[in-house]
Amino acid sequence: MGQRAHPTSFERLLAVVRTIPPGQVASYGQVSARVLGTTPRMVGFALAALPTGSDVPWHRVVNAAGRISLPAEGPGHAEQRRRLEAEGVSFRKSGVIDLEAHGWL
DNA sequence: AGATTGACTGCAT
DNA sequence: CATGCAGCCAATC
């Protein structure tokens, strides 16, 4: 099996996402800042390629404004919000998450 | 090999 | 508060 001897930055990003505790959220930028050589855009790309039913808590990643970045018209948006609320994450009236209360670190 | 795009971000207008 | 633009890196065409 010709696998690489060390995790790709793609996999490292997913590993970081796995460390976000339930009930908390981190921004794309915050996740990418933990893996040198990566950017917020890569985080979104990595999560978008995630297989259904993966163990990665992709829903705990939101944009820097504390808002869900998935297209509001798609099913992913509603699903992410549902999962977060199930973990106790509260949304403001405007649909913005209170990062002061739920922000990671 | 060059252009385009994406679940971003920060600063300027 | 809404828009625009540059910077960023990998995947795709």
Side-chain angles (χ1 to χ4, degrees):
Chain A
M1 332 219 295
Q3 308 299 39
R4 47 191 124 286
H6 105 91
T8 62
S9 34
F10 205 88
E11 297 170 316
R12 293 188 203 186
L13 288 173
L14 297 181
V16 172
V17 174
R18 276 198 266 283
T19 69
I20 305 172
Q24 292 194 279
V25 298
S27 70
Y28 295 89
Q30 199 159 0
V31 172
S32 69
R34 290 248 179 172
V35 184
L36 202 55
T38 66
T39 64
R41 292 215 117 136
M42 272 197 66
V43 179
F45 211 90
L47 295 183
L50 227 46
T52 307
S54 84
D55 55 331
V56 180
W58 56 270
H59 55 280
R60 300 191 191 133
V61 184
V62 297
N63 64 36
R67 240 182 136 355
I68 292 175
S69 266
L70 279 85
E73 59 273 18
H77 184 99
E79 161 118 4
Q80 180 169 13
R81 174 160 183 161
R82 186 185 71 68
R83 289 198 186 198
L84 287 175
E85 292 183 314
E87 291 183 352
V89 174
S90 57
F91 287 71
R92 291 191 169 185
K93 182 178 176 184
S94 54
V96 179
I97 295 172
D98 183 354
L99 295 179
E100 297 290 312
H102 305 289
W104 190 39
L105 298 182

In whole Å, I'd like the distance from the CE atom of Met42(A) to the C1' atom of dA7(B). 14 Å
Grab the CD-C1' distance between Gln30(A) and dA7(B) for me, whole Å please. 16 Å
Taking Gln30(A) for its side chain and Trp104(A) for its backbone only, find out whether a donor-acceptor pair lies under 3.5 Å. yes
Side chains of Asp98(A) and Ser90(A): do they bring a donor and an acceptor to under 3.5 Å? no
Roughly, in whole Å, what's the span from CZ in Arg34(A) to P in dC9(C)? 20 Å
Report which part of the nucleic acid Ser27(A) touches: base, sugar-phosphate, or nothing (heavy-atom distance under 4.0 Å, all strands). sugar-phosphate
Using heavy-atom distances to pick each residue's nearest nucleotide on DNA chain B, tell me which of Gly29(A) and Phe45(A) is more 5'. Phe45(A)
Gap between atoms CG and P, on Leu13(A) and dA11(C) respectively (whole Å): 11 Å
Over all strands shown, is Ala48(A) touching base, sugar-phosphate only, or nothing at heavy-atom distances under 4.0 angstrom? base
Would you kindly give the CG-to-P distance between Leu47(A) and dA7(B), to the nearest whole Å? 11 Å
Could you check how far CG of Leu70(A) sits from C1' of dC8(B), rounded to whole Å? 13 Å
Take the protein atom CZ of Arg12(A) and the nucleotide atom P of dA10(C), then report the distance between them rounded to whole Å. 12 Å
Looking for any heavy atom pair under 4.0 Å, which part of the strands does Gly37(A) touch: base, sugar-phosphate only, or nothing? sugar-phosphate
Arg41(A) CZ - dA6(C) C1' separation (whole Å): 11 Å
Closest non-hydrogen atoms of Ser69(A) and Tyr28(A), given as atom of the first, atom of the second and distance, are CB-OH, 3.6 Å
Over all atoms of both residues, closest heavy-atom pair of Phe10(A) and Ala49(A): CZ-CB, 3.9 Å
